[in-house]
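Here the structure comes first, spelled out in structure tokens, and everything after it is commentary.
Note that ligands are numbered from 1 as they come in the structure, with each ligand's atoms numbered from 1 the same way.
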Amino acid sequence: MRIVVLGAPGAGKGTHCRRISDRYRVVHLSSGDILRRERAEGTDLGKKVQSYMDAGTLVPDDLIVQMMSNAIQKAGSVGYVLDGFPRTVNQAQSLDASLAGAQDGIDIVVNLEVGDGVVLDRITGRRSCPKCGAVYHVRNMPPKKDSLCDLDGTKLVQRPDDTEDVVRNRLATYDQQTEPVVEYYKSKRTVHDIDANESADTVAAVIFGRLDALAGRAGRHPRQ
Ligand code: AP5
Ligand code: MG
């Protein structure tokens, strides 16, 4: 299964891609998480992308396309769910070109639709685990123990790009550069628009409803 999940900042891409990865046993490839790992490790790539991420603008396409091609190759035949990539029409075209001919095209595109007001509340309340990337929300999805990751006990942090000013920039960047990706896919195939304003469990149930049939065809039995 090769799945693309699109959506504005705070739409729930990370939250739902994690659940999709668990349920259908596919690799979760989040461009944002990979970039944050590169930064934490102080790699050349990490240093190059820092200023873009902190300003809420996009990292140049050539760096991202190279990074994600490597990640997709590493995922191998297990399948994957792409979170945060592609994010420009140029990236989407590069992805299509790299998958063309190998019978390895994208199987399904899911688009999480959410209002700007909801996004601000979600992002300012988000806390993430710097070790495993698990995502929580102070009210909507709090950890069991205050400020600690349920999975590995690491102290949760707030992302440096989650301030109100940077979030506004990220939303503007999304409108200008990523919304056209939704149109790009719609011109070529079915895109599954999902109302992501609802609770996470409600949204997950709708997504799973769309993916279960595909999983059946791929011979995967979803974990319940
Ligand atoms: P990235 O890390 O991808 O950030 P983003 O797109 O802004 O998205 P977020 O991670 O903020 O939101 P999300 O949709 O994952 O929501 P989440 O599930 O966490 O990218 C960061 C930066 O990296 C970019 O700005 C750019 O600089 C660079 N970059 C990355 N990819 C790139 C690319 N392809 N090209 C160029 N540059 C790139 O949920 C948010 C919160 O809401 C959480 O607290 C969660 O618990 C809560 N929540 C989720 N769903 C619900 C729900 N249904 N109800 C209630 N609460 C919910
Ligand atoms: Mg995310």
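Heavy-atom separations between Ala8 and ligand 1 include at least one value shorter than 4.0 Å. Heavy atoms of Gly10 approach ligand 1 to within less than 4.0 angstrom. Ligand 1 lies nowhere less than 4.0 angstrom from a heavy atom belonging to Thr202.
Cation-pi geometry between Arg126 and Tyr136 is not met at under 6.0 angstrom from the ring centre and within 45 degrees of the axis.
With ligand atoms numbered from 1 in the order given, ligand 1 contributes 26 (C), 27 (O) to contacts under 4.0 Å with heavy atoms of Thr57. Close contacts between ligand 1 and Gln91 involve ligand atoms 33 (C), 34 (N), 35 (N), 36 (C) [criterion: under 4.0 Å to a heavy atom]. The Thr15 neighbourhood of ligand 1 comprises atoms 17 (P), 18 (O), 39 (O), 45 (C), 49 (C), with distances under 4.0 Å to a heavy atom of that residue. Every atom of ligand 1 is numbered from 1 in the order shown, and the set under 4.0 Å from a heavy atom of Pro9 is 5 (P), 7 (O), 8 (O), 12 (O). Taking every heavy atom of Gly14 and a limit of under 4.0 angstrom, the matching atoms of ligand 1 come to 13 (P), 15 (O), 18 (O). Those atoms of ligand 1 that come under 4.0 Å of a heavy atom in Ala200, given as number and element, are 52 (C), 53 (N), 54 (N).
Within the 3.5 Å criterion, the main-chain N or O of Val181 finds no donor-acceptor partner in the side chain of Arg87. Between the side chain of Thr173 and the backbone N or O of Gly56, at least one donor-acceptor pair lies under 3.5 Å.
Nearest protein heavy-atom neighbour of atom 29 (N) of ligand 1: Leu35 CD1, 3.5 Å. Scanning all protein heavy atoms for the shortest distance to atom 33 (C) of ligand 1 gives Arg87 CD, 3.5 Å. When only non-hydrogen protein atoms are considered, atom 22 (C) of ligand 1 lies nearest to Met53 CE, 4.0 Å. Nearest protein heavy-atom contact of atom 19 (O) of ligand 1 is Arg126 NH1, 2.6 Å. Among protein heavy atoms, the minimum distance from atom 55 (C) of ligand 1 is reached at Asn140 ND2, 3.2 Å. With respect to atom 53 (N) of ligand 1, the closest heavy atom belonging to the protein is Glu198 O, 2.8 Å. The protein non-hydrogen atom at the shortest distance from atom 37 (N) of ligand 1 is Val59 N, 3.1 Å. Given atom 31 (N) of ligand 1, the protein heavy atom at minimum distance is Ser31 OG, 2.7 Å.
The nearest non-hydrogen atom to atom 38 (C) of ligand 1, considering only Leu112, Ile64, Asp61, comes from Ile64. Remark: among candidates Arg36, Arg19, Gln177, Arg159, the nearest residue to atom 4 (O) of ligand 1 is Arg159, based on non-hydrogen atoms.
Counting heavy atoms closer than 4.0 Å to ligand 1, residue Tyr136 contributes backbone atoms (N, CA, C, O) but none from C-beta onward. Contacts between Ser128 and ligand 1, counted as non-hydrogen atom pairs separated by less than 4.0 Å, are absent for every part of the residue. Of all the heavy atoms of Arg127, none lies under 4.0 Å from any atom of ligand 1, so neither backbone nor side chain is involved.
Atom CD of residue Gln50 and atom CG of residue Leu35 lie 11.5 Å apart, to the nearest 0.5 angstrom. One finds the CE atom of Met68 at 5.5 Å from the CG atom of Leu82 (value rounded to the nearest 0.5 Å). Expressed to the nearest 0.5 Å, how far CG of Leu29 lies from CD1 of Ile72 amounts to 6.5 Å. Distance check, rounded to the nearest 0.5 Å: CG of Leu211 to CD1 of Ile108 gives 5.0 Å.
The residues Asp212 and Arg23 are annotated as salt-bridged, a charged nitrogen and a carboxylate oxygen being separated by less than 4.0 angstrom. The pair Arg170-Asp175 does not count as a salt bridge, with every side-chain nitrogen at least 4.0 angstrom from each carboxylate oxygen. At a threshold of 4.0 Å, the pair Asp33-Arg36 counts as salt-bridged, since one of the basic side-chain nitrogens sits closer than that to a carboxylate oxygen. For the pair Asp54 and Arg159, the salt-bridge criterion is not met [side-chain N within less than 4.0 Å of a carboxylate O]. No salt bridge links Asp162 with Arg127; every basic N to acidic carboxylate O contact stays at or beyond 4.0 Å. Between Arg168 and Glu164, at least one side-chain N (NZ, or NE/NH1/NH2) sits under 4.0 Å from a carboxylate O, which counts as a salt bridge.
Between Gly84 and ligand 1, at least one pair of N/O atoms sits closer than 3.5 Å. Considering backbone and side-chain N/O atoms, Gly12 comes within less than 3.5 Å of an N/O atom of ligand 1. The shortest N/O to N/O separation between Arg170 and ligand 1 falls below 3.5 Å. Looking at Lys13 next to ligand 1, an N or O pair under 3.5 Å apart turns up.
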Pair Asp107-Arg2, salt bridge (Lys or Arg N to Asp or Glu O under 4.0 Å): steps then yes or no: CA-CA 5 Å; Asp107 295 305; Arg2 292 165 296 264; 3.6 Å; yes

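Side chains of Thr154 and Asp152: a donor on one and an acceptor on the other come within 3.5 Å.
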